[in-house]
Amino acid sequence: MRFCGNGFDFPLGEKTYVMGIVNVTPDSFSDGGRFLSPADAVAQALRLKEEGADLIDLGAQSTRPGFTPVSEEEEWRRLKPVLEGLKGRLSLPISIDTFYPSVAERALSAGAQILNDITGGKEEAMFQAAARHGAGLILMHPGDAADLSEHAAAQDIGEAVHGFLFAAAMRATAAGVKAQSICLDPGIGFGKTMAQNRALLVSKTARVEGFAYLVGASRKRVTADRFPSPPDRRVGGTVAAHTLAQLAGADFLRVHDVFETVQAVRLVDAVRQETGISL
């Protein structure tokens with residue numbers, strides 16, 4: 001099985017891939033403002049490549065709890081110079097974290113290869129943009145998913161997440177997106193309790209067979225729930241959370257702290273290959 005599309009190809013099962021986060025925002029919960037300047041964002045993307053990232057995820061608006069969306073034009077205004085600055089300099093695939101189809105279309109035309117949609121495909125036009133460009137499409141279980149309240153008291157909400165992601169993937173393939181170009185994300189930290197988030201880290205029922213699977217818990221509250229700390233001091237909890245997800249079968253991990261994650265991921269991959277251990 002593979003996650004592949006226009007200009008990228010990730011064979012699955014051979015290793016765990018690390019997606020490095022670059023927030024081109026003034027208000028991200030974890031590193032707001034650090035990479036708002038296009039030059040700083042470009043430098044950070046190149047730095048994450050050197051630290052071992054397999055792909056880069058560019059986001060131009062914060063989606064922290066209670067966020068106020070920025071306009072499509074403002075989001076594109078932040079993204080455009082970064083994509084232009086990376087052209088010809090970054091050999092890794094670039095993912096764009098957006099829920100605006102118009103931004104997705106422009107970003108793909110400017111050289112991005114993957115779309116990362118936290119709404120799980122709320123807008124049909126997002127599927128159409130991905131299909132038109134042969135792009136990759138990451139679909140996340142959002143915090144406002146209609147099926148969430150029904151399972152709110154459940155320790156393992158994997159079944160609810162699985163149902164949403166399966167339906168989203170079927171809608172995407174019906175719109176022309178190839179199954180091998182779709183990656184699914186259970187949405188750690190989006191509208192879920194701490195217990196539900198912990199359950200999803202190791203859930204195997206949430207995953208949809210036949211599709212790549214991404215987990216992103218980086219610096220989120222679940223990583224420090226039992227030992228409170230500010231976002232920039234949650235590396236230990238983040239690595240622990242992602243190691244659990246990796247052992248449960250995650251193909252991709254979306255992270256801020258690339259060097260530390262790659263170091264951990266490579267060790268876990270080696271032990272898994274040599275011993276067969278998993279959750």
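Closest approach of Asn116 and Ser95 over heavy atoms only: CB-OG, 3.5 Å. Of all the heavy atoms in Pro186 and Tyr213, the pair that sits closest is CG-OH, 3.3 Å. The heavy-atom pair separating Thr238 from Ser218 by the smallest distance is CG2-CA, 3.6 Å. Heavy-atom minimum distance, Gly20 versus Val258: CA-CG2, 3.7 Å. Between Ala172 and Leu137, the shortest heavy-atom contact is CB-CD2, 4.1 Å. Taking both residues in full, the closest heavy atoms of Thr205 and Gly158 are given as OG1-CA, 3.3 Å, listed atom of the first, atom of the second, then distance.
Linking ILVMFWY side-chain heavy atoms closer than 4.5 Å, directly or via other members, places Leu253 and Leu92 in a single hydrophobic cluster. When the side chains of ILVMFWY residues are joined at heavy-atom separations under 4.5 Å, either directly or via intervening members, Leu48 and Val235 end up in two distinct hydrophobic clusters. One hydrophobic cluster holds both Val24 and Leu83 under the rule that ILVMFWY side chains link at heavy-atom gaps under 4.5 Å. In this structure, Val239 is not a member of the same hydrophobic cluster as Val215, with clusters built from ILVMFWY side-chain heavy atoms closer than 4.5 Å.
Screening Arg254, Lys15, Lys49 for a salt bridge (charged side-chain N to carboxylate O under 4.0 Å, His left out) involving Asp54 leaves a single residue, Lys15. Tested against Asp257 for a salt bridge (charged side-chain N to carboxylate O under 4.0 Å, His left out), the candidates Arg219, Arg233, Arg234 yield a single pass: Arg219.
Within the model, atoms CG of Leu244 and CG of Leu200 stand 12.5 Å from one another, a figure rounded to the nearest 0.5 Å. Rounding to the nearest 0.5 Å places CZ of Arg198 at 5.0 Å from CG of Asp225. Here the straight-line distance linking atom CD1 of Ile188 with atom NZ of Lys220 works out to 7.0 Å at 0.5 Å rounding. Residue Asp97 holds its CG atom at 8.5 Å from CE of Met140, rounded to the nearest 0.5 Å. Interatomic distance, Ile182 CD1 to Phe127 CZ, rounded to the nearest 0.5 Å: 8.0 Å. The distance from the CG atom of Leu267 to the CD atom of Gln246 is 9.0 Å, given to the nearest 0.5 Å.
At distances below 3.5 Å, not a single donor-acceptor pair connects side-chain atoms of Arg106 with backbone N or O atoms of Trp76. Of the possible polar contacts, none joining the Glu75 side chain to the Ala60 backbone as a donor-acceptor pair under 3.5 Å is found. Between the side chain of His242 and the backbone N or O of Ala217, at least one donor-acceptor pair lies under 3.5 Å.
Other residues, nucleotides and ligands contribute at most 12 non-hydrogen atoms within 6.0 Å of the NZ atom of Lys87. For Arg266, the CZ atom sits in a packed shell: over 12 heavy atoms of surrounding residues, nucleotides or ligands are nearer than 6.0 Å.
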Chi angles and distances behind the salt bridge (charged side-chain N to carboxylate O under 4.0 Å, His left out) call for Asp40, Arg47:
CA-CA 10 Å; Asp40 289 341; Arg47 185 180 303 116; over 6 Å; no
Evaluate the criterion side chain to side chain contact (heavy atoms under 4.5 Å, CB included) for residue pair Ile94 and Ile96; output intermediate values, then yes/no.
CA-CA 7 Å; Ile94 296 175; Ile96 299 296; 4.1 Å; yes
Derivation and outcome, side chain to side chain contact (heavy atoms under 4.5 Å, CB included), residues Arg272 and Thr16
CA-CA 11 Å; Arg272 282 200 310 177; Thr16 307; 3.3 Å; yes
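Using a 3.5 Å distance cut-off with no hydrogens or angles, the side chains of Glu72 and Ser102 do pair a donor with an acceptor. Defined by atom type and a distance below 3.5 Å, a donor-acceptor pair is present between the side-chain atoms of Glu105 and His133.
Between Arg78 and Glu74, at least one side-chain nitrogen of the basic residue sits less than 4.0 Å from a carboxylate oxygen of the acidic one, meeting the salt-bridge criterion. Between Arg207 and Asp251, at least one side-chain N (NZ, or NE/NH1/NH2) sits under 4.0 Å from a carboxylate O, which counts as a salt bridge.
Thr98 places none of its side-chain heavy atoms less than 4.5 Å from the side chain of Asp117. Within the 4.5 Å cutoff, side-chain heavy atoms of Val268 are placed close to those of Leu247. Looking at Pro69 and Gln61, their side chains come closer than 4.5 Å, going by heavy atoms from C-beta outward. Looking at Lys80 and Pro38, their side chains never come closer than 4.5 Å, going by heavy atoms from C-beta outward. Under the 4.5 Å side-chain criterion, counting only non-hydrogen atoms from C-beta, His141 is in contact with Lys192. Using a 4.5 Å cut-off on side-chain heavy atoms (C-beta onward), Asn197 and Thr193 make no contact. Looking at Arg171 and Phe166, their side chains never come closer than 4.5 Å, going by heavy atoms from C-beta outward. Side-chain contact between Leu90 and Leu46: present, with at least one pair of heavy atoms (C-beta onward) separated by less than 4.5 Å.
Under a 4.5 Å side-chain heavy-atom cut-off, the cluster of Ile, Leu, Val, Met, Phe, Trp and Tyr residues that includes Ile114 is completed by Met1, Phe3, Phe8, Phe10, Leu12, Tyr17, Met19, Leu55, Ile138, Leu214, Phe252.
Residue pairs meeting the side chain to side chain donor-acceptor pair (under 3.5 Å) criterion with at least one member in residues 174-191: none, sequence neighbours excluded.
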